There are 2 protein chains.
Amino acid sequence: MSADELLSERLAAWSAMGLDAERCPVRNVLDRIGDKWSTLILIVLAAGPKRFSAIGRAVPDISKRMLTQTLRELERDGLLTRRVFPTKPPSVEYSLTALGRSALEPMAALVQWAERRHPEIEAARARFDRSAEAA
Amino acid sequence: MSADELLSERLAAWSAMGLDAERCPVRNVLDRIGDKWSTLILIVLAAGPKRFSAIGRAVPDISKRMLTQTLRELERDGLLTRRVFPTKPPSVEYSLTALGRSALEPMAALVQWAERRHPEIEAARARFDRSAEAA
DNA sequence: TAGTGCAGTCTCTAACTGAGACCAATCCTC
DNA sequence: GAGGATTGGTCTCAGTTAGAGACTGCACTA
């Protein structure tokens, strides 16, 4: 059996045991780190601890509202820690936990895939749009 | 330099060159396959080609609307193909392309991470909620 | 004859997201 | 000492998006 078949089999097993939310760890975790901003924030924090507004600047088009919300959820999931320094103006530092760092590896694999396959995907999109336009 | 530092550096490089949408392949691709349903559909199709409603049954709580939409976008990105058999009632088969199959590997890594770390994440959530409740 | 499955589309409503105002306190500039 | 900026948020309001469910047309089945 090829590595490919093995992979398919494992994925099939996961899908067979039910992908319904709650019960399934795959869903449960992917819904979280698979959203629009979480991955980006984790990547930004890979370089080291950063303060609230530094993260905001690093992820250009995130709103304060979404930044706060996403950071809270990542903190809740134990992927990062929040440390408040009682200075004035306040200073809050976010840094990855060991768990958060452990997420970087698979995420980097995905990002690498994205980078490598980006041209193919762009080409496919162009093809698709051209033939849709023709119709 | 450790593998960890190397990783951080690479991720930092990506974030440094600007994560703003459009330009950045990371954003561009991650926004796509990182949404709620795409990953799940790809996983379901890993086992082999499936018809529209078979996919719907495999991903329990997806609506027809979202299923159609997500399949269209995955087709547009060249990750899967759609083949219509002109029978009555109509039969439509979706199957992964080579590009789609190539995405399974990094995704499987992420899914494995999710599976392995799920207990830790659950524990972190419980801790967080308990201390939030106390306050 | 009513019901079921097929692959969708359409509409309406509920949920979520994003933009931007606002907060108190402190520092810097003029 | 007035005005502006920075700090890490919260709040509200509009706009976008997702989900639930009805509807389609045709064939098969009970």
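In what follows, chains carry the letters A, B, and so on, assigned in the order in which the sequence lines appear, proteins first and then strands, with residues in each chain numbered from 1. Keep in mind that what you see is a predicted model, and the values were worked out from it rather than measured.
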S.K.: Does dT7(D) have OP1 or OP2 under 4.0 Å away from a side-chain N or O of Ser91(A)?
M.R.: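 For dT7(D), neither OP1 nor OP2 has a side-chain N or O of Ser91(A) closer than 4.0 Å.
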S.K.: Output yes when Arg125(B) and Glu122(B) qualify as a salt bridge under the 4.0 Å nitrogen-oxygen rule, no when they do not.
M.R.: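 Yes, this pair counts.
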S.K.: Picking from dG25(D), dG8(C), dT7(D), which would you name as closest to the side chain of Pro90(A)?
M.R.: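 My answer, after comparing the listed nucleotides, is dT7(D).
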S.K.: With a 4.0 Å cutoff (strictly under), does any side-chain N or O of Ser53(B) reach OP1 or OP2 of dC6(C)?
M.R.: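 So the side-chain polar atoms of Ser53(B) do come within 4.0 Å of the phosphate oxygens OP1 or OP2 of dC6(C), strictly under.
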S.K.: Has the side chain of Thr70(A) got a donor or acceptor atom that lies under 3.5 Å from a matching backbone atom of Leu67(A)?
M.R.: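 Not at all, since once roles are kept as given, no pair shorter than 3.5 Å links the two residues.
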S.K.: Distance check needed: dG19(D) P versus Asp35(B) CG, whole Å only.
M.R.: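 For the pair Asp35(B) CG and dG19(D) P, the rounded distance is 10 Å.
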S.K.: May I have the distance from Tyr94(B) (atom OH) to dC6(C) (atom P), rounded to whole angstrom?
M.R.: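 In whole Å, dC6(C) P and Tyr94(B) OH are 13 Å from each other.
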S.K.: What's the CZ-P distance between Arg65(A) and dT12(D), to the nearest Å?
M.R.: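 Distance check: Arg65(A) CZ to dT12(D) P gives 12 Å.
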S.K.: Has the side chain of Thr39(B) got a donor or acceptor atom that lies under 3.5 Å from a matching backbone atom of Gly34(B)?
M.R.: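 Not at all, since once roles are kept as given, no pair shorter than 3.5 Å links the two residues.
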S.K.: Ser38(A) side chain to Arg32(A) main-chain N or O, any donor-acceptor pair under 3.5 Å?
M.R.: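 Yes: the side chain of Ser38(A) pairs with the backbone of Arg32(A).
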S.K.: Under 4.0 angstrom, heavy atoms only, what part of the nucleic acid is Thr68(A) near: base, sugar-phosphate, or nothing?
M.R.: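 The residue Thr68(A) makes base contact.
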S.K.: OP1, OP2 of dT9(C) versus side-chain N and O of Arg72(B): anything below 4.0 Å?
M.R.: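 Yes, such a contact exists.
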S.K.: By the 4.0 Å heavy-atom rule, please label Lys88(A) as base, sugar-phosphate, or nothing.
M.R.: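 Sugar-phosphate, no base atom in range.
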S.K.: Assign Phe85(B) to base, sugar-phosphate, or nothing according to its heavy-atom contacts below 4.0 angstrom with the strands shown.
M.R.: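 No contact at all - Phe85(B) keeps every heavy atom at 4.0 Å or more from the nucleic acid.
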S.K.: What is the distance from CD1 of Ile62(A) to P of dG18(C), rounded to the nearest Å?
M.R.: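 Those two atoms, CD1 and P, are 8 Å apart.
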S.K.: Less than 4.0 angstrom between a side-chain N/O of Arg51(B) and OP1 or OP2 of dG8(C), yes or no?
M.R.: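 Negative; the distance criterion is not met.
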S.K.: Using whole Å, what does the distance between atom P of nucleotide dG21(D) and atom CE of Met66(B) come to?
M.R.: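 After rounding, the gap between these two atoms is 16 Å.
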S.K.: Could you state the atom-to-atom distance from NZ of Lys36(A) to C1' of dT17(C) in whole Å?
M.R.: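 Distance check: Lys36(A) NZ to dT17(C) C1' gives 8 Å.
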S.K.: Could you tell me whether a side-chain N or O of Thr68(B) sits under 3.5 Å from a main-chain N or O of Lys64(B), the two making a donor and an acceptor?
M.R.: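 Flag set: sc Thr68(B) to bb Lys64(B) pair under 3.5 Å.
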S.K.: Whole Å only: how far is the CZ atom of Arg82(B) from the P atom of dA7(C)?
M.R.: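 In whole Å, dA7(C) P and Arg82(B) CZ are 10 Å from each other.
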S.K.: Taking atom P of dA18(D) as reference, at what distance in whole Å does atom CH2 of Trp37(B) sit?
M.R.: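 Result: 11 Å.
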